[in-house]
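Here the structure is laid out as structure tokens; the discussion comes afterwards.
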Amino acid sequence: APPARAEWTGQVGFILSAVGSAVGLGNIWRFPGVAYENGGGAFLIPYIVALLTAGIPILFLDYAIGHRYRGSAPLALRRIAGKLGEGIGWFQVMICVFIAIYYTAVLAWASSYFVYSFDIRWGDDATGFFVNEYLQLADAPFTLHFVPSVLIPLVIMWIVTLIVLGAGVVKGVQRMNVIGIPLLVVGFLALVIRALFLPGAVDGLNALFTPDFSALLIPGVWVAAYSQIFFSLSVAFGIMLTYSSYRRRKSNLTTPGLVVAFSNSSFEILAGVGVFATLGFFAHQQGIGVGDLEGLTGVGLAFMTFPAIVSEMPGGPIFGMLFFGSLAIAGLTSMISIMEVILAAIMDKFGLTRLQATYRIGGVLAVISIVLFGTTSGLTALDTIDNWANNIGIVSSAVAMTITVLWIRGSGRMLAGHLSALSTFKVGRTWLFFVSILGPVVLGYMLVATIIGLIAEPYGGYSAGYLLIVGWGSVVLMIGGSLILTSRRWRYNPDNFEPWPQ
Ligand code: MET
């Protein structure tokens, strides 16, 4: 028989770990820029609609499947929907493989910049420093020269991640979150409060929160809101499913889910406030409007614009350490959850021990990540893979999972009963409507719109050949990988099993 499944020590350990996964790089640098680009204050409407109609309902779906069928994504989905389910589960694992490889790179940069903040190492030209001195980006992608400034923190981040994972669900993952999350909240609150007292802060907040209601008519704004919610809540690609498979038999499922979802969104809006207050200060220094600033999204915001602001600020080193320290802790706890999806699946299917899975599979992924991102090929591949993994991979996975579990298997009512059995917040028809009707339809539409958009207009101005290999190629590898993994033999019969009634 397979070894007994690990269990969180209780509800608090689970909630902190789930919050640790949800709150990540996506909250701190992705959200503020996405909100700003998509109508500022008016973005909050699609954002809240996406949270209530898809984010929380699919979070509950992940919880119900993981808990009732007690397995990693491929195991739990196989038990509910046979080989098709297993294939979707491995597809979710493959998405995590791709994300893990680049997510650690951003984590490594954040930890370098935490150290660099002590003496503002980047000097007066933050952008030049990041691109030329720190990353040493080559002109063409795929030139493989190791860059020690990135290589060293990258290796350290992989070692820390694998040590935490190797120590197990309770002694590693839960402990890391129980220590990390309070630290993150305190550090980040200090940063936001400091930012609010900077001259010009109010202008930044106005730029973020002044509504542009015409944005509500643009479909792309709604697509951006739904994608942001999935990525940010860690739903639909195996993470919340795997974490809830470690909950005890008698568990309140929906109430902690609401706590996790609202904590994540509160943190996200707080990050918007902190980042835009800081940008308001920067615009104020230069005597321009916040709308005229450049580099307000993604990698540019965190590693070019922010360092430049830190250089100009009284007490800059402390502010920089708080910002990059928060980014590193938030990213590390999310990184651990992504890797746990992969390791749990390998342990379940092939019967490896946790240590074997951690060092073998983790080791291989670490080497790939280090070769790709510890070298001069760095930045270009990262944003391309990020775009395809999120906008195509995660959205497809959500569509495939809801259609298979709810339409093909018709398990909606039964899962609603499982969720409600011991929960103080009961779910019924409204939940079923969101996950089984609205979800697949809205998400299906988003997916088609995104695919058409990517074909019509080459992403990021890269060449078609490059996008074919790196972007679409990643999706082909995800599908191919899941087919191969699904075809392998199980170490223990996965179907010899009784689902948990609560
Ligand atoms: N939820 C995390 C974040 O917001 C990401 C999990 S893995 C993509 O960064």
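FYI, side chains are in, hydrogens and waters are out, and symmetry mates aren't considered; it's all heavy atoms of this structure. Both ligands and their constituent atoms are indexed starting at 1 by order of listing.
Taking a cutoff of 4.0 Å between a charged side-chain nitrogen and a carboxylate oxygen, R70 and E7 do not qualify as a salt bridge.
Aromatic pair Y134/Y113: ring centres closer than 6.0 Å. The ring of F31 has its center closer than 6.0 angstrom to the ring center of Y47.
With ligand atoms numbered from 1 in the order given, ligand 1 contributes 1 (N), 2 (C) to contacts under 4.0 Å with heavy atoms of S21. Atoms of ligand 1 lying under 4.0 Å from any heavy atom of A22, numbered from 1 in the order shown and given with element: 1 (N), 2 (C), 3 (C), 4 (O). Listed by number with element, the atoms of ligand 1 under 4.0 angstrom from any heavy atom of S232 are 1 (N), 4 (O). Those atoms of ligand 1 that come under 4.0 Å of a heavy atom in N27, given as number and element, are 4 (O). Atom numbering of ligand 1 starts at 1 in the shown order; those under 4.0 Å from a heavy atom of I99 are 8 (C).
No side-chain heavy atom of L415 sits less than 4.5 Å from a side-chain heavy atom of F60.
Of the protein's non-hydrogen atoms, the one nearest atom 7 (S) of ligand 1 is I338 CD1, 3.3 Å. Nearest protein heavy-atom neighbour of atom 8 (C) of ligand 1: F231 CE1, 2.9 Å. Of the protein's non-hydrogen atoms, the one nearest atom 6 (C) of ligand 1 is S234 OG, 3.5 Å.
Taking every heavy atom of both residues into account, F14 and Y243 meet most closely at CE1-O, 3.9 Å. Nearest heavy atom pair, residue A100 against residue I342, reads CB-CD1, 4.4 Å.
W388 pairs with exactly one of Y102, F98, Y459 by the ring pair (Phe, Tyr, Trp, His ring centres under 6.0 Å) rule, that one being Y459. Of the listed residues (L322, L184, L270), just one forms a side chain to side chain contact (heavy atoms under 4.5 Å, CB included) with L189, and that residue is L270.
At a 3.5 angstrom cut-off on N or O pairs, F237 does not count as close to ligand 1. Any N or O atom pair closer than 3.5 Å counts here, and V23 shares no such pair with ligand 1. Some N or O of L25 is nearer than 3.5 Å to an N or O of ligand 1, by distance alone.
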